[in-house]
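Below, read A as the first sequence line, B as the second, and so on, with proteins coming before strands; counting in each chain starts at 1.
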Amino acid sequence: MATATKTQQAPILNTNEPDKEETKTIYSIEDFNLWYGNDQALYEVQMDIPENRVTAIIGPSGCGKSTFIKSLNRMVELVPSVKMSGKIQYKEKDIFDPKYKVEDLRTDVGMVFQNPNPFPKSIYENVVYGPKTHGIKKKSILNEIVEKSLRGAALWDEVKDRLNENAFGLSGGQQQRLCIARCLAIEPDVILMDEPTSALDPISTSKIEELVQTLKKDYSIAIVTHNMQQAARISDKTAFFLNGEVIEYNNTDNLFSNPDDRRTEDYITGRFG
Amino acid sequence: MATATKTQQAPILNTNEPDKEETKTIYSIEDFNLWYGNDQALYEVQMDIPENRVTAIIGPSGCGKSTFIKSLNRMVELVPSVKMSGKIQYKEKDIFDPKYKVEDLRTDVGMVFQNPNPFPKSIYENVVYGPKTHGIKKKSILNEIVEKSLRGAALWDEVKDRLNENAFGLSGGQQQRLCIARCLAIEPDVILMDEPTSALDPISTSKIEELVQTLKKDYSIAIVTHNMQQAARISDKTAFFLNGEVIEYNNTDNLFSNPDDRRTEDYITGRFG
Amino acid sequence: MSNMAVNVKAMMNEKKSKRSVLTITEKAAPIFFMACAVVSILTTIGIVLTLLIETLSFFSRVSFIDFVTGTTWWPFGENASYGILPLISGTLLITVVAMIVAIPIGLASAIYLSEFASEKVRKIVKPILEVLAGIPTIVYGFFALTFVTPLFQLFISGLPIFNALSPGIIVGVMIIPMIASLSEEAMSSVPNSMREGALATGSTRLEVALKIVVPAALSGIIASFVLGVSRAIGETMIVSVAAGSTPKLTADVTESIQTMTGYIVQVTLGDASYGSTTYYSIYAVGMTLFIFTLLMNLLSQYISRRFKEDY
Amino acid sequence: MNLIDKQFVQRKMNSRIIKSQVMRQLFFLATAFGIVVLAVLLYKIFSEGIPYLDWNFLSSFASRFPEEAGIKAAIAGSLWLMAVTAPISLILGVGTAIYLEEYARENKFTRFIRMNISNLAGVPSVVFGLLGLTVFVRLMEMGRSVIAGGLTMSLLILPIIVVAAQEAIRSIPKNQYEASYAMGATKWQTIRRVVLPAAIPGILTGGILALSRAIGETAPLLMIGALSFVAYLPENIWSSFTVLPIQIFNWTGRPQEEFHLVASAGIIVLLVALLLMNSIAVLIRNKFSKRY
Amino acid sequence: ACGNAEGSSSEEDSKNGEESKDSGSETTEVLVDGSSTVFPIMEGIAEEFQKANPDARVNIGVSGSGGGFEKFSAGETHLSNASRPIKDEEVQALEEAGIEYTEFEIALDGLSVVVNKENDWVDQLTVDELNKMWSADSNVETWADVREGWPEEKIEFYSPGADSGTFDYFSEVALGEEGQIRQDASLSEDDNVLVQGVTGSPNAISYFGYAYYAENKDDLKVVPIVNDSGEAVKPSQETIQSGDYNPFSRPLFVYVKHEAMQDESVYNFAKYALENAGKMAEAVGYVAKPDSAYDEALKKLDEVADK
Ligand SMILES: Nc1ncnc2c1ncn2[C@@H]1O[C@H](COP(=O)(O)OP(=O)(O)OP(=O)(O)O)[C@@H](O)[C@H]1O
Ligand SMILES: Nc1ncnc2c1ncn2[C@@H]1O[C@H](COP(=O)(O)OP(=O)(O)OP(=O)(O)O)[C@@H](O)[C@H]1O
Ligand SMILES: [Mg+2]
Ligand SMILES: [Mg+2]
Ligand SMILES: O=P([O-])([O-])[O-]
């Protein structure tokens, strides 16, 4: 069913920073199906996610974007009724291999959620949560991690004087950047983001968008968004999902300027959704 | 502050069914301010809503669209901390006049909500809820009302054989049309709709959009939507809200093709929101 | 809408006159409901007055200072002595034993149910725990006396038939479900987004439970402990049946003791005649008990309010 | 640049996962503890009581002969007590809840009522017994009648019902109110036609659980003097009565060992009644939960 | 009147025991309260009475002797059971309330002093020894402190609750009017747990009503008590009735309110009670008085009731 386009068209229309060369693949998904109980939510997903690029996932509400991205770090299994088939390889390791501990996978693959979800602790404690859990105790290292991660999330200057205040005192946009910092603190290779700006105001949104652009130097990023403009602005590749299928997957500029599929075109021109 | 444009520009660019003549005004709002506790949510709103037309309210999340539309039938007062100033006239009666019972106002002004909210009763009971509340007991009349309202909401054919089944068994789109039927059952003059399609799939959405077009023959409709394409498709006039202010209010075609205000333009071109 | 067979609007308008009747119900309803709400206040006033009036009669015969500082409680016969401390110590002894049982087990159950168990297990276990909470205390009392104590006597030589240990433990068992379900509720109300946040950094389930969920739910958990304490203090039948009726100022759980509630029941079932000092003494003890539990309840409310997390 | 030693993290991971699994087992054992105690208790009671449990036992009055002793009067008494307690506590409880959730404005008085109710929920049952003894039995001269017992019990379980009803009402989605108000319904119409029907499952569940507390309570009834020999059925609310837990208490206090077994049979009856009430409550809850 | 009329006639205002003398055709609830010791006898009588008179309604409360008198003088009951004679202040209260009454002895009880089955050293005890053991200022800790040669094992004391007639009677006889019971005794309102306490520990001692001993003969060893004529006597039906078992045998009473005898139901019950008290007492483990005593009592009852 899935019309996943594995071979990419020539990226002629790229106005964003163009894909200079074919990059390495970090995630490779093959024939992936997922059910919630008896309802199938993903159908035969086929997709390669490139390293050090931003990959956007778009599609109307309920099409399976969140389900898909949560499959990548197996968070989707928190729903007890979930059943899956197919293959997801992360750095050429099968993520469902029982020998590959899910905790290890999640240590390598960070995630940022739709609504900022800081812990009800201080800013400092939020950032060091991951490293501490992983056994890093030394104060000096932790301090360094905090500064580095908060800088990485473009939040350091705003909060450096109140690291011990409760994270709930931050604004929504700051909280979201804190969650990004928390995720950076464990130095993942991949960052998954599920509509990270949908709960934010325009200014916070543009800050996060800038941040994503900076981060892609060091991280591979997959980002779900319902805002097509956003996908166009920040991503290198875009996948369009509809009713659990990948309708089209292509370089972002190609996809938006010259969609292959009628349904993609309908969606990006706002005919539905 | 408010740049409410009371005098309309010539509706030259109308491609939708054009405003053949200046219609009567059914709601006239003047200098309306609203606070939730100490937070002002609406600033000096100035607006005339025409009779037998569809008026769309658009704007980014949190700009006060729901607050505004709920002010029109005083539902906003269910939030205890609400304070208001200014004037809202419905058919030239001040809706805040203590002599004008709020129940009477709401009998004349129906409302449909973002998420379908049928009662956990049968389809039949849902439709007759209003008439029964208003004292109509006679079975034959009620039956007639049910058929007429369900037909009006384009739902009759789908449910006529299972009027006694629980309304929760209907699909989302059907539930929403049931809510419209329930609202039609008390024969209001105005129907307020707060993002009535945002929880629905594309097909249900287009059904409701068609329905709105049909209904405007008999009703005056004010509809909140976050979908600009929807506003463009179905409304005659559009008001753009931002941070509690009416930034621009104009014939829909004018507003979308030739916005007066920079911010309107930014918004409708997807630069934020 | 003119094209209609029935003119609903007109009919509704016609019925509007009937609204006046409605307005009466409309006005009467809140008054009736408020009256209902006032009953609970009257109940409290009733309790306080009842206790207060009879307690005052008691203090017209027994000095208040002796009551609160005395170390002997011997309310019968000629040289009666009304020092409440032994009853308080008995009550506290039971409470401490109960909480030593109930807090770890209750909290562990809560963590299991909220963080580890599948929905199915939770659906089965919670009602079972509720049954445990619903067993009449009289049943527990005889269970403590005729099963638990003889069982302990096998291990603890010289354990008298009445002791603080076995009723204490059984009171604890009775409280487990309360702590478990209140704590579980507190933990379940920690939004999933927090668990997700923690799991997404590679935490184990245990780490999520202990480092994120328990701290976030701490106020609810502590409030459940305090309510458990209050329940243990007020527990009556288990201790009347199995703890004995010898008021003693002791911290030894193997001894027979008496609690405040146990004393009240003893006197009501016994022979004290109306109007005697012994009779009034149950109100003084009841007042003390009331004050204790009141303080506990206020404390638990304060905790849940003061430390409430708004996620 | 890397501050985190991936190797180190991976090495630690195994022990962390094992720790998590071990603790999981411990937590499970803790949960099982309660269930085991319950099982032991039930086993003891059933093994003792079953031989005495027959139709005769259910249909006879108390007797001084263990073989003849029956529980009829106690069952009838408990039913009478419920018949008085249920309507009073439900009306008062639901009324209070409606007041608090729908009408009360957030002011000192309302906060006081709220605080008062949660305090009442924590007042020991003996203290309610003292209240019942002093106010209903003595002051209002009701004697140790069904009505005195029923009123005492009603007040005892009132807070539980209020809280349950409040929760049931609170769990009704705002959109149901909106739908009703938007149709021009008045507050009372909305309460009667939308709120109450939707809240009834929750109210019933809470109510049944509260009543099952009342049916097992011993202390307050001992205090108002219900411990007695009654070999007839109550005829009206002024009759004297006995109830299941009191009858059980009475039997366990007899010199003859057989009576203790009879008591176990009585406990079985009581537990079955409780189980029945609980299952009804669970049924209602499961049937109606997650409707919105 | 007493329930021969067909169909159970429905209620009348029987609350608080205010009897309605004029409602002769209806059954009055017969209200009895008082001693827990007397309770089993009265309960047996009520059971038989109701079998004989299906419409009868007899309610027997257990408020203790003192609690019973309190209700009696408040006019709440018709008959009051007691395991001790009425006290002066109770007499006064009844006088003040204007309630006339008559006392009937309906049976005898022998307070039985018991020890554990395994206790093979205690062969008998004197009242003095009991006094030495049980009093508050006692320095007895082990059996050896009671009598030389007995083992040096710490004694465990179990006693009925201080708020019971049994306790009163024992203290009065063994400890004297002013006497105080030792404070390390385990007290329980429930005599069964005393039985359990003694069966459960070899060094325990306790005392309670004869019925509890009679029911648990196999598990307990009863101690012969040296009586006023110097003999060590065990409690038994014969020794109690004959008075040989003293000083720990005591009469059990029922107090009858005169005014209540005007009511047929109450009178019939009282009469039935006196007729059957002896038989019932033996049946539930107490001791009957000689037959003549009951005949006399019945005569007295009829006088009081103007029959
Ligand atoms: N926990 C769940 N249990 C059952 N079905 C679920 C669950 N979560 C999602 N679904 C279903 O799976 C489908 C895909 O849902 P998903 O959340 O992935 O959509 P989405 O594209 O992220 O939508 P949105 O834009 O609204 O976030 C939907 O039909 C949804 O109803
Ligand atoms: N009950 C309330 N109490 C306090 N503030 C409120 C309440 N409801 C809304 N607000 C605030 O009022 C402002 C306007 O809210 P409103 O719901 O009208 O926005 P909206 O335009 O409908 O947004 P959306 O598109 O998300 O529905 C927001 O800042 C919101 O936070
Ligand atoms: Mg999603
Ligand atoms: Mg809104
Ligand atoms: O109830 P008593 O026989 O001990 O008075």
Inset, instruction - Spell out the residues in residues 143-151 of chain C that have some non-hydrogen atom less than 4.5 Å away from a non-hydrogen atom of chain D, in order of number; otherwise answer 'none'. - result: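 Listed by number: C/Phe143, C/Thr146, C/Phe147.
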Inset, instruction - Please look at D/Leu100 and chain C and tell me whether the side chain, the backbone, both or neither of the residue comes under 4.5 angstrom of a heavy atom of that chain. - result: neither
Inset, instruction - Please state whether the side chain, the backbone, both or neither of D/Leu155 comes within less than 4.5 Å of a heavy atom of chain C. - result: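 Contact with chain C involves the side chain of D/Leu155 alone.
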Looking at [options], which one has more heavy-atom pairs under 4.5 Å with chain C than the rest?
options: D/Ile113, D/Val127, D/Leu120, D/Leu244; result: D/Leu120
options: D/Leu26, D/Asn278, D/Ile98; result: D/Ile98
options: D/Val126, D/Ile215, D/Leu29; result: D/Val126
options: D/Pro245, D/Ser212, D/Ser118; result: D/Ser118

Inset, instruction - Using a cut-off of under 4.5 Å on heavy-atom pairs, state which of C/Val38, C/Leu294, C/Ile53, C/Ile47 scores highest against chain D. - result: C/Ile47
Legend entry - Option that, when pairs with chain D are counted at under 4.5 Å, heavy atom only, ranks first among C/Ile170, C/Val173, C/Leu51: C/Val173
Inset, instruction - Just do the salt bridge (Lys or Arg N to Asp or Glu O under 4.0 Å) check on C/Glu26 and D/Lys187 with the steps written out, would you? - result: CA-CA 7 Å; C/Glu26 208 65 45; D/Lys187 188 156 205 159; over 6 Å; no
Legend entry - Proximity breakdown for C/Phe292 and chain D, heavy-atom pairs closer than 4.5 Å: neither
Inset, instruction - Heavy-atom distances under 4.5 Å only: say whether C/Leu49 touches chain D with side chain, backbone, both or neither. - result: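 Neither the backbone nor the side chain of C/Leu49 comes within 4.5 Å of chain D.
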